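This report refers to the structure that appears directly beneath it.
This is a predicted model, so every value here is computed, not measured.
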2 protein chains.
Amino acid sequence: MSIDSTWGSQKKIDGSKDGDKPLSTIEPGITAKRARGLDRAFEILDFLREQKSPMRPNEIAVQIGAPRSSVYELVNLLLRNEVLELAGADGRVFLGRKLFFLGAAYEEQFDFTRECEAALEMIARETRETAQFCMLDGNKYIVVRMKEGARPFRISSDVGQSVPIPWTASGRLLVAHMSDQEILDFIPPQDFKLPSGEWLAPESFIAEVRGAAVKGEFTFDSIVDSFTHCFAVPVIDAERRCVATLCLVAPREDGLANYRHYLSVLKKAAGELSGKPAVHD
Amino acid sequence: MSIDSTWGSQKKIDGSKDGDKPLSTIEPGITAKRARGLDRAFEILDFLREQKSPMRPNEIAVQIGAPRSSVYELVNLLLRNEVLELAGADGRVFLGRKLFFLGAAYEEQFDFTRECEAALEMIARETRETAQFCMLDGNKYIVVRMKEGARPFRISSDVGQSVPIPWTASGRLLVAHMSDQEILDFIPPQDFKLPSGEWLAPESFIAEVRGAAVKGEFTFDSIVDSFTHCFAVPVIDAERRCVATLCLVAPREDGLANYRHYLSVLKKAAGELSGKPAVHD
DNA sequence: TCCGGTTGTCCATTATAATGTACATTTGCT
DNA sequence: AGCAAATGTACATTATAATGGACAACCGGA
């Protein structure tokens, strides 16, 4: 089987729009590399997702640091395919219908959604806290679904928002299948800088990852705010990899008071989900 | 303002995977055109959506009639971007997470979903029939959401399935903003061939389109099966264009017996949705 | 076992896509 | 109004992406 040799090697995710802007030249004498259309295209799409609002092609070009002419051409191509749509005034564009349809097809195939919703429902009912279903998007952490608890306070991250992996409890679980080196290559260095300004030592992070993998859980006082405690447990696929997490965000006193109960509820829900997120046929 | 001149002209949708396969040469002496990577990429994605199951790159190449080497390269690029994912055994690939996230972002921006769900709920409650929310996907008709009625019988089309526009009641409404010529250019000629094998005269179709636009409704005995009557009404956006339809699929006797009632329920729901499917900010 | 069909890999060739640049047009300020 | 900045368009250049093929590995029957 040749998958491992070639397919595997290509699976490496490049940090995309993090450090590899089209700098004219890194070393003098080396001509600047041309970006590939497809990569640029998805860079544009991701950028629009982050912005959450329609933008002009020119604006996009400037902000992602890509040549204007290239962006205009790509935007037109994407419009033709209904991957982008004219939205708002002034020729602003945003994500298009095609993406909605493709996303729906993905969801149907790996339909964790339904079960996921039920799991969050259950957790929220049993704990009255805010429950989330999280995954990796490239080298970031992302909240896929959320069920607000009885007293919803300001949550660190909204659904669909990309957040550095080290900032989150779930992050410890989501990279557990990687080797130390892979983890270091995978997470952009600047993501170890916490919102407080402090730097988290990568070794400490990795130690937490290993610990979390053994216990099948990770909890800590949130790094992002100063008043919540976060609980995360892994959702495991058929190949025993952590493909997602269920997590709970609770006020600190509350979280500590119900520590064992909350964890057991999470684990029960995760157990029901685990093994499911696989292909239908 | 330059939007109209250039952006407008580019908005034309090419019939994509319908008649423009990479034929080696149309006229002898004209070199075969190379397909653009981006177009091929979305051709692959659309193909996977239709198949609804993971496929091998080679298989994809053969079926969409694209060079193998090209497909392999694109598939690898898409895997790198998590637009495709390895799924199933043997290096089969399917739509990836990235698409799910992008689709979710689209949905959040134009969130007809919530209101749409409510509308379908209401229709299903009032009529006990199967209700659908439909749109155009390129030059095809597609069911976006569906709420099965009290006695769900075999529905013509599943959610997410592409169907020729002329086969559907909604199709009459969805192309109403186009000129006669635009309609003819837009709909692939072979789509006027009905499932029965008969051909629908394009002029008749256009006449029905115009009639439907005036009345703000279209109903007929289904072309796809022999026992249902279909009702469709337009959902109008801020620019007074039909961007979607609400429709009802009922057993024929039943549909005729409640004709006025069903239509009024549909129109009430569509009225509440109309104007909504616009950008948030 | 052998053999045809399928699948994945590799590479040279050349059509063309991504880019830089210059120009045109609009917008927002003063 | 008048100017600067922002935005859209057009085009030539060249790095490279899409392609066709040749090869190797694998599979499923006779």
(message) Please tell me whether A:Phe42 and A:Phe47 form a close aromatic pair, meaning their ring centres lie under 6.0 Å apart.
(response) no
(message) Is the distance between the ring centroids of A:Tyr106 and B:Phe101 under 6.0 Å?
(response) no
(message) If you assign each of A:Glu59 and A:Ala35 to its closest nucleotide in DNA chain D, which residue comes earlier from the 5' end?
(response) A:Glu59
(request) With sequence neighbours excluded, tell me which residues meet side-chain contact (heavy atoms from CB on, under 4.5 Å) with B:Arg56. (result) B:Glu59, B:Asp90, B:Arg92
(message) On the side chain of A:Arg34, is there an atom forming a donor-acceptor pair with the base of D:dT14 - under 3.5 Å, no angle test?
(response) yes
(request) Give the rounded distance in Å between these two atoms: CG of B:Asp90 and P of C:dT7. (result) 10 Å
(request) Tell me which of A:Arg36 and B:Val62 sits closer to the 5' end of DNA chain C, going by the nucleotide each one is nearest to. (result) B:Val62
(request) In whole angstrom, give the distance that lies between atom CG of B:Leu79 and atom P of C:dG8. (result) 12 Å
(message) For A:Thr245, give me all partners under side-chain hydrogen bond (donor to acceptor under 3.5 Å, both in side chains), at least two apart in sequence or on another chain.
(response) A:Ser170
(message) By the salt bridge (charged side-chain N to carboxylate O under 4.0 Å, His left out) test, which pairs, at least two apart or in different chains, include something from residues 172-182 of chain B?
(response) B:Arg172-B:Glu208, B:Asp180-B:Arg210
(message) I need the CD1-P distance between B:Ile44 and D:dA18, as an integer number of Å.
(response) 10 Å
(request) Please determine, for the side chain of B:Ser69, which listed nucleotide (C:dT9, D:dG20, C:dG20) has the closest atom? (result) D:dG20
(request) Would you mind reading off the distance between B:Asp39 atom CG and D:dA18 atom P, rounded to a whole angstrom? (result) 10 Å
(message) Could you work out, with side-chain hydrogen bond (donor to acceptor under 3.5 Å, both in side chains) as the rule, every residue matching B:Arg240, not counting sequence neighbours?
(response) none
(request) Specify the separation, in whole Å, of atom CG of B:Leu38 and atom P of D:dT16. (result) 18 Å
(request) Rounded to the nearest angstrom, tell me the gap between atom CG in B:Leu74 and atom C1' in D:dA18. (result) 8 Å
(request) Check the distance between D:dA17's P and A:Leu77's CG and give it to me in whole angstrom. (result) 15 Å
Distances for protein N or O near nucleotides 3-6 of chain D N or O, under 3.5 Å:
none

(request) Check whether the side chain of B:Arg68 and the base of D:dG20 form a donor-acceptor pair under 3.5 Å. (result) no
(request) Using whole Å, report how far CZ of B:Arg40 lies from P of C:dT16. (result) 13 Å
(request) Could I get the full list of salt bridge (charged side-chain N to carboxylate O under 4.0 Å, His left out) partners for B:Arg36, not counting sequence neighbours? (result) A:Glu73
